[in-house]
Amino acid sequence: MSVLKLTVDGAPVEAAPGADGFGLFTTKTIVAQRVNGELRDLAHKIADGDVIEGVDISSPDGLNILRHSAAHVLAQAVQSINPEAKLGIGPPIKDGFYYDFDVENPFTPEDIKALEKAMERIIRSGQRFMRRVTNDGDARVELANEPYKLELIGLKGGDVGEGAAEVGAGELTIYDNVDPQSGDTVWRDLCRGPHLPNTRMIGNGFALTRLASAYWRGNENNKQLQRVYGTAWPSKDELRAHQERLEEAARRDHRRLGVDLDLFSFPEEIGSGLAVFHPKGGIMRRVMEDYSRKRHEESGYDFVYSPHISKSNLFEISGHLQTYADGMFPPIRMDEELDDEGNVKKVGQDYYLKPMNCPFHILIYRSQPRSYRDLPLRMFEFGTVYRNEKSGVLHGLTRVRGLTQDDAHLFVTQESMKQELTDVLKFVLDLLKDYGLNDFYLELSTKEDGNPKFVGSDEIWKTATETLEQVASDSGLELVPDPGGAAFYGPKISVQARDAIGRTWQMSTIQLDFNLPERFDLEYTTQDGTKQRPVMIHRALFGSVERFFGVLTEHYAGHFPPWLAPVQVVAVPIAEAFSEYLHDIVGELRKHGVRAQVDDSDDRMQKKIRNHTMAKVPFMLIAGENDQAAGAVSFRFRDGSQENGIPVAEAVARILKAIDDKVQV
RNA sequence: GCCGACCUGGCGCAAUUGGUAGCGCAUCGCACUUGUAAUGCGAGGGUUAGGGGUUCGAGUCCCCUGGUCGGCUCCA
């Protein structure tokens with residue numbers, strides 16, 4: 001055969017036998033090729049009839065290749081400094097890469113600088129990544145000093161999990177890093193590839209970002225390896241842009257804004273993961289809750305209340321104690337009496353802080369015989385629950401030990417279940433939009449087959465899952481499957497919201513539950529007098545009020561829309577003489593329930609403007625001689641823009657409308 | 001829970017090889033009364049997270065406890 005007939009980027013191309021990607025792609029940013037759907041090095045030899053696409057370094061695949069190659073360079077750098085370091089795995093991840101090492105002493109921040117320097121040298125030396133096919137036996141000899149790699153070889157083709165970048169389902173391959181001057185192999189790693197042709201292509205758009213540790217193969221029972229995280233981009237500018245995105249996220253961090261804006265705190269004296277809301281955060285929270293209550297009331301929910309603790313038996317019936325005892329606070333033992341020897345004279349009773357509200361609502365349902373006429377019965381409660389989260393997972397308001405769920409349980413008939421779910425999903429999305437979130441997708445969490453944690457019959461799971469799936473797809477939103485992510489008692493839809501800088505947060509959950517009604521033996525009387533079991537829907541919009549508060553803080557970067565802002569209007573007089581004039585206007589606003597105040601302090605007006613700008617107050621009203629004479633005020637907004645000479649009545653009306661419409665300003 | 005780092009007045013930060021706690025903002029007082037992001041002067045405030053140890057001497061070194069941060073694991 002004298003000519004290879006190929007399809008390259010959709011067009012027919014002819015090439016000489018023995019051709020590879022270097023010959024087909026001359027564009028410098030093409031770093032690999034996709035041959036018949038498989039990612040390959042550019043050095044991969046092409047065969048007749050191949051369908052080939054160039055992989056640009058800026059494409060998702062290209063970025064992964066860049067980052068994975070950077071991980072190899074990192075590992076080489078580590079072993080050049082510490083030859084005793086044993087290699088774990090080093091895959092690409094979102095925005096970067098990591099590599100795990102088993103080292104005697106954990107890395108220090110100083111090591112990062114030294115490693116970056118060593119990486120730069122390797123990158124500049126222009127080593128070639130050369131693919132070499134090997135076999136289990138040879139690889140075991142070659143990698144005899146790399147125990148973790150040996151373990152991966154043993155797993156090849158099986159459950160490699162995170163090791164997928166090292167050993168794939170196909171041939172076992174090693175990548176040699178070859179020095180272009182000497183032709184010597186200076187380093188090598190077990191890897192399925194592909195890689196950049198040359199380390200030089202990593203360029204200067206990389207940085208090592210943090211040190212951490214991680215369990216080998218993600219298992220808590222395994223040894224912890226030291227992990228080095230890095231980020232890598234096709235150019236220095238893109239690296240810089242990425243770093244700026246991180247800085248923007250840091251500026252929005254609700255933990256920082258919570259302190260700066262005096263919204264909430266976590267006093268050490270109370271305990272880890274237990275927040276107090278300060279007056280400013282408190283009023284925001286009240287406004288959030290009030291609006292939620294109003295909407296629930298309009299949508300046919302009944303409001304109920306339940307205590308924070310309960311005897312253990314309740315959670316035994318519900319199954320929580322068997323399944324989630326670790327996540328619950330330990331029991332409070334009541335009424336136990338001991339004799340002088342410490343023997344139990346009178347058996348006590350254990351009480352638990354509630355980790356969930358559902359069993360309480362179920363008891364309300366069960367407090368009287370129910371008829372089909374009572375259904376659907378929708379019970380809502382801002383229910384405060386306590387969960388003994390592991391200390392290491394606590395994070396600001398988004399992961400706490402004491403939280404208030406905007407929890408509701410809907411008791412419905414099988415027949416109305418689907419309609420009810422559809423209505424709930426619409427209600428949830430509408431309400432989230434009112435709080436300023438409007439970019440959503442859905443996740444459907446389903447049962448993992450064979451996992452004993454999931455209770456209930458397969459048939460019940462199937463019905464529940466199918467119903468949810470249908471409701472989700474009817475919504476028209478993007479639906480992402482989450483196999484194995486269901487609660488132990490039923491499948492769920494969760495609403496994921498994208499915030500102002502594109503991060504996604506899991507917000508609301510809607511869970512179907514055929515299980516608890518059975519455990520509590522719930523029933524209702526049907527039209528024909530027979531007993532039927534209702535279906536339960538668990539749902540929360542905010543998830544937890546605390547978490548939602550944190551997410552909104554980050555979404556708005558503390559620039560809350562007027563209806564949520566703790567202080568909505570601050571009036572700043574040019575001079576003391578105009579204070580009274582502004583007090584009249586502020587008095588008018590306050591009469592309408594606006595959170596408005598006059599800044600009468602001794603500060604200069606410039607200082608006042610600075611203070612209230614930093615406090616992110618949505619409306620500043622400024623007045624001096626000119627305004628007073630005209631019966632007007634001047635608006636100043638958070639972005640520094642302003643509008644002068646607005647008649648007082650118009651100014652008041654504008655503020656009231658902005659609050660009422662829940663708009664951002 | 002695990003690994004690592006960290007904890008200094010309300011907040012943000014200083015304090016040479018261990019030598020006896022400073023600064024800015026904020027707070028309080030006085031003066032100033034000003035047209036769009038910091039007026040001036042003065043004052044008060046810290047047993048350096050808590051406890052123990054080493055030392056002539058500890059914010060600095062060691063141990064324990066609590067808390068925070070970055071990850072891992074987990075998240076009804």
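Side chains are part of it too, since the values below use all heavy atoms of this structure and drop only hydrogens, waters and symmetry mates. To find a chain, count down the sequence lines: A is the first, B the second, and so on, and within it residues start at 1.
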Within the sub-3.5 Å range, which N or O atoms of nucleotides 39-43 of chain B have a protein N or O partner, and how far apart are they?
unit_1 : atom_1 : unit_2 : atom_2 : d
B/U39  : O4'    : A/R604 : NE     : 3.2
B/U39  : N1     : A/R604 : NH1    : 3.3

Spacing between [X] atom [atom1] and [N] atom [atom2], to the nearest angstrom:
X      : N     : atom1 : atom2 : value
A/R610 : B/A26 : CZ    : C1'   : 12 Å
A/Q506 : B/C75 : CD    : C1'   : 9 Å
A/E269 : B/C7  : CD    : P     : 19 Å
A/Q226 : B/A5  : CD    : P     : 9 Å
A/R217 : B/C72 : CZ    : P     : 17 Å
A/L263 : B/G10 : CG    : P     : 19 Å
A/D407 : B/A76 : CG    : C1'   : 11 Å
A/I112 : B/G4  : CD1   : C1'   : 12 Å

Whenever both distances are under 3.5 Å in a Watson-Crick or G-U wobble pair, mark it; put RNA chain B into dot-bracket that way, with [ ] for crossing pairs and | when the partner is on another strand. (((((((..((((.....[..)))).(((((.......))))).....(((((..]....))))))))))))....
For the side chain of A/M328, counting heavy atoms from C-beta on, which of B/A76, B/U36, B/C2 is nearest?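 The answer is B/A76.
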I want to verify a distance call: between B/C72, B/A76, B/A37, whose nearest atom is closest to the A/Y489 side chain?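 When the side chain of A/Y489 is considered, B/A76 is the closest of B/C72, B/A76, B/A37.
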Mind checking the [atom1] distance from [N] to [M]? Whole angstroms is fine.
N     : M     : atom1 : answer
B/G44 : B/C63 : P     : 39 Å
B/U20 : B/C11 : C1'   : 26 Å
B/C23 : B/C64 : P     : 36 Å
B/C2  : B/U73 : C1'   : 8 Å
B/G67 : B/G51 : C1'   : 15 Å

Side chains of [X] and [Y] only: does a donor on one sit below 3.5 Å from an acceptor on the other?
X      : Y      : value
A/Q496 : A/S494 : yes
A/D100 : A/W216 : no
A/Q226 : A/D102 : no
A/R638 : A/Q664 : yes

What residues from residues 624-636 of chain A pass a heavy-atom cutoff of under 4.0 Å to RNA chain B?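 Those residues whose heavy atoms fall under 4.0 Å from RNA chain B, taken from residues 624-636 of chain A in numerical order, are A/G624, A/E625, A/N626, A/D627, A/S634, A/R636.
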Nearest-nucleotide wise, let me know which of A/I622 and A/G485 is further upstream toward the 5' end of RNA chain B.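 The residue whose closest nucleotide sits nearer the 5' end is A/I622.
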So which one's nearest nucleotide on RNA chain B is more toward 5', A/Y324 or A/P106?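 Per heavy-atom nearest nucleotide, the more 5' residue is A/P106.
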When only distance counts, do a donor and an acceptor, one from the side chain of [X] and one from the base of [N], lie under 3.5 Å apart?
X      : N     : result
A/R399 : B/C74 : yes
A/R387 : B/C75 : no
A/Y215 : B/G1  : yes

Report, one line per pair, each donor and acceptor closer than 3.5 Å where one atom sits in a side chain of residues 618-629 of chain A; sequence neighbours left out.
unit_1 : atom_1 : unit_2 : atom_2 : d
A/D627 : OD1    : A/S634 : OG     : 3.0
A/D627 : OD2    : A/G624 : N      : 3.4

Regarding [X] and [Y], does a basic nitrogen lie under 4.0 Å from an acidic carboxylate oxygen?
X      : Y      : value
A/R256 : A/D260 : yes
A/E151 : A/R217 : yes
A/E244 : A/R251 : no
A/K492 : A/E443 : no
A/R539 : A/D407 : no
A/E554 : A/R498 : no
A/R533 : A/D521 : yes

Enumerate donor-acceptor pairs with a distance under 3.5 Å from any side-chain N or O in residues 261-274 of chain A to protein atoms, sequence neighbours excluded.
unit_1 : atom_1 : unit_2 : atom_2 : d
A/S265 : OG     : A/H278 : NE2    : 3.3

Protein N or O to nucleotides 61-70 of chain B N or O, pairs below 3.5 Å:
unit_1 : atom_1 : unit_2 : atom_2 : d
B/G66  : O2'    : A/E268 : OE2    : 3.3
B/U68  : OP1    : A/S272 : OG     : 3.3
B/U68  : OP2    : A/S272 : OG     : 2.6
B/C69  : OP1    : A/R255 : NH1    : 3.0
B/G70  : OP1    : A/R255 : NH2    : 3.0
B/G70  : OP2    : A/R255 : NH1    : 3.3
B/G70  : O3'    : A/R210 : NE     : 3.4
B/G70  : O2'    : A/R210 : NE     : 3.2

Applying a 4.0 Å non-hydrogen cut-off, can you work out what A/M620 is touching in the nucleic acid: base, sugar-phosphate, or nothing?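 The answer is nothing, as A/M620 stays clear of every strand by at least 4.0 Å.
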Check for a donor-acceptor pair, side chain of A/D603 on one end and backbone N or O of A/K607 on the other, with a separation under 3.5 Å.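 The answer is no, because no donor-acceptor pair under 3.5 Å joins these two groups.
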I'd like to know if the side chain of A/H68 reaches the main chain of A/N64, judged simply by a donor and an acceptor atom lying under 3.5 Å from each other, with no hydrogens or angles considered.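 No, A/H68 side chain to A/N64 backbone: no donor-acceptor pair under 3.5 Å.
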